[in-house]
Protein chains: 2
Amino acid sequence: MPAIPPQAPRSRVPAPRPRKPKPRTRYHHGDLRRALLEETVRIIRDEGVAGLTLRTVGARLGVSRTAMYRHFADKSALLAAVSRDGFTQLRVALQAAFDGGGRDREAFDAQGRAYVEFAIANPSHYRVMFGGFVDKSCVDPALAAEADGAFQVLVDTLVELQARGVLRQDEPRQLALFVWSLVHGLAMLVIDGQLQGRPAADDLLGFTFRRMWSGLEA
Amino acid sequence: MPAIPPQAPRSRVPAPRPRKPKPRTRYHHGDLRRALLEETVRIIRDEGVAGLTLRTVGARLGVSRTAMYRHFADKSALLAAVSRDGFTQLRVALQAAFDGGGRDREAFDAQGRAYVEFAIANPSHYRVMFGGFVDKSCVDPALAAEADGAFQVLVDTLVELQARGVLRQDEPRQLALFVWSLVHGLAMLVIDGQLQGRPAADDLLGFTFRRMWSGLEA
DNA sequence: ACCTGAACACCGTTCAAGT
DNA sequence: ACCTGAACACCGTTCAAGT
């Protein structure tokens, strides 16, 4: 349950000196692109993807609603950037969980837990990443690279566990897809509310990892 | 790759006898609701959810674009009905695969395969069912019941496999959620195109079921 | 380069009115 | 009951124009 970050209410015009007709210093100090992206992520978190409106993004930034088109081709491209940003965050979280946990079998469970926790903490963001919102016809190569990067963290983790002799010597990418399917499916079911009245997410997570290991240990 | 069903081009007005001012026989012979639902499913299959427009649905049926509101509260309710319809189809397919396969361990694999195949054959429909499109605030109880029905087929299947002694004696619902997560995650990754250039879906399916069984057998 | 503001072609939904 | 047609308040995107 991430708290809403502290954020000064934005006024449309800074208006420090209202004497000249319209000084209107160049908006956004050089990084409107980043500001647009962050504001979009914020709106998606608070209102969901369906509540995202390009007009609102502009208005909240004190900028014309067409200013966005200088930085993104269209709404789909903006969502692709949001998706890319999500994969970056996910990659960092997965790596941190494994490294911080001691790079062993228990650390791998912590990594899986971090995956599901990311989805629970950012359900709308997660849905943008996997919900088929970004237009497949114009796949951002940067997005594909970032998604691959997150997947690669998992592959590397599995290779390391194989080297330690605790994990079966199957093809690492196939093992990674097996694990990814499991945590991805679990995450989706949780954030979709399909677990209503069923075993709590935490119990299920523990059970899932035990069964998974039972199928994967060397 | 389902072919586009044969469909006569619709004219707004039949106009067989243009003498009387406007005879306009009562449209849709009593089941506009079903016609709306079927047309919506067709549009979603061909164009995706993003391509769905209430105006188009009406136009394709030769009906005013507001006629829909006699049968569905709003667009979200229409999508909820689509979702419900999908869960019905899925439930029937899962049951048929297990029954037709001989109700044993291999039949269970066939059921899993049927699950993933349903998602691959109807990716957009599947996304409506799990993509968070239906408004959670007004959950259709009929939809919840139908989703539960599909889940129950899996639970019943697992109970039967336990009785045959081929499956661990864990809590069936927890086992079912484990399996569901796995096939659901697999299905999502496949229809999202995340498996590009990676092991073919069919190989992965076989590998996944083998690892799964290794963690589940009694 | 970067941004504006008007305009365009859409969209879901409401509602008084018809039969 | 069931459906229409006009109207309302939106939406993404384009584009000539400003600096």
Side-chain angles (χ1 to χ4, degrees), chain A residues 10-15 20-37 39-40 43-44 47-82 128 133-135 137-138, chain B residues 10-15 20-37 39-40 43-44 47-82 128 133-135 137-138:
Chain A
R10 302 160 203 288
S11 52
R12 295 216 139 225
V13 178
K20 265 198 182 173
K22 250 189 156 196
R24 234 232 225 264
T25 63
R26 226 205 284 77
Y27 282 133
H28 275 287
H29 39 55
D31 209 350
L32 178 56
R33 198 199 126 91
R34 166 177 283 270
L36 286 164
L37 186 55
E39 195 62 44
T40 302
I43 292 173
I44 285 176
E47 324 269 352
V49 211
L52 176 67
T53 273
L54 298 191
R55 289 156 128 90
T56 304
V57 178
R60 291 231 262 175
L61 254 36
V63 128
S64 152
R65 48 186 181 267
T66 59
M68 191 211 80
Y69 289 91
R70 282 290 129 194
H71 301 280
F72 300 98
D74 52 18
K75 193 179 185 180
S76 178
L78 178 61
L79 285 176
V82 169
V128 173
F133 288 100
V134 301
D135 195 349
S137 59
C138 58
Chain B
R10 301 160 203 286
S11 50
R12 293 215 139 227
V13 178
K20 264 198 183 176
K22 251 189 156 197
R24 235 229 224 267
T25 63
R26 226 205 284 80
Y27 284 133
H28 275 286
H29 39 52
D31 208 350
L32 178 56
R33 198 198 125 92
R34 165 176 284 271
L36 286 164
L37 186 55
E39 195 62 45
T40 302
I43 292 173
I44 285 175
E47 324 269 351
V49 212
L52 176 68
T53 272
L54 298 189
R55 290 156 127 90
T56 303
V57 178
R60 291 232 261 177
L61 254 36
V63 130
S64 152
R65 48 188 181 265
T66 58
M68 191 210 78
Y69 290 90
R70 282 291 128 195
H71 301 280
F72 300 97
D74 52 18
K75 194 179 185 180
S76 178
L78 178 61
L79 284 177
V82 169
V128 172
F133 289 100
V134 302
D135 196 350
S137 61
C138 59

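Below, chains carry the letters A, B, ... as their sequence lines are ordered, and counting in each starts from 1.
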Trainee: Return the value, rounded to whole Å, for the distance between atom CG of B:Leu61 and atom C1' of D:dT4.
Mentor: 16 Å
Trainee: Where the side chain of B:Thr66 is concerned, which of C:dT4, D:dC2, D:dT4 is the nearest nucleotide?
Mentor: D:dT4
Trainee: From CZ of A:Arg33 over to P of C:dA1, roughly how many Å is that when rounded to an integer?
Mentor: 18 Å
Trainee: Under the 3.5 angstrom rule, does the side chain of B:Lys75 hit a backbone N or O of B:Thr53 as a donor-acceptor pair?
Mentor: no
Trainee: Could you work out, with side-chain hydrogen bond (donor to acceptor under 3.5 Å, both in side chains) as the rule, every residue matching A:Arg70, not counting sequence neighbours?
Mentor: none
Trainee: For a side chain to side chain contact (heavy atoms under 4.5 Å, CB included) check, start with the C-alpha distance between B:Leu36 and B:His71, then their side-chain angles and the critical distance, and finish with the verdict.
Mentor: CA-CA 9 Å; B:Leu36 286 164; B:His71 301 280; 4.0 Å; yes
Trainee: Hey, does the side chain of A:His71 come within less than 4.0 Å of C:dC2's phosphate (OP1/OP2), counting only N and O?
Mentor: no
Trainee: Roughly how many Å is it from CG in A:Asp31 to P in C:dC2, rounded to a whole number?
Mentor: 11 Å
Trainee: In Å, rounded to the nearest 0.5 Å, how long is the span from CD of B:Glu39 to CG of B:Leu52?
Mentor: 10.0 Å
Trainee: Mind checking what makes side-chain hydrogen bond (donor to acceptor under 3.5 Å, both in side chains) contact with A:Arg55, not counting sequence neighbours?
Mentor: none
Trainee: Whole-Å distance between C:dT14 P and B:Met68 CE?
Mentor: 9 Å
Trainee: Using the test side chain to side chain contact (heavy atoms under 4.5 Å, CB included), find all partners of A:Val49 that sit at least two apart in sequence or belong to another chain.
Mentor: A:Leu79, A:Val128, A:Phe133
Trainee: If the condition is side-chain hydrogen bond (donor to acceptor under 3.5 Å, both in side chains), which residues does A:Thr66 pass it with, not counting sequence neighbours?
Mentor: A:Ser64
Trainee: Considering all heavy atoms of both residues, which atom of B:Met68 and which atom of B:Leu54 are nearest to each other, and what is their separation?
Mentor: SD-CD2, 3.5 Å
Trainee: Name the pairs: protein N/O against N/O of nucleotides 10-12 of chain C, kept only if under 3.5 Å.
Mentor:
from: C:dC11; atom 1: OP1; to: B:Thr53; atom 2: OG1; distance (Å): 3.2
from: C:dG12; atom 1: OP1; to: B:Leu54; atom 2: N; distance (Å): 3.1
from: C:dG12; atom 1: OP1; to: B:Lys75; atom 2: NZ; distance (Å): 3.2
from: C:dG12; atom 1: OP2; to: B:Leu54; atom 2: N; distance (Å): 3.2
from: C:dG12; atom 1: N7; to: B:Arg55; atom 2: NH1; distance (Å): 2.3
from: C:dG12; atom 1: O6; to: B:Arg55; atom 2: NH1; distance (Å): 3.4

Trainee: Given pairs defined as Watson-Crick or G-U wobble with both distances under 3.5 Å, what dot-bracket annotation applies to DNA chain C, with ( ) intrastrand, [ ] crossing, | other strand and . unpaired?
Mentor: ||.|||||...|||||.||
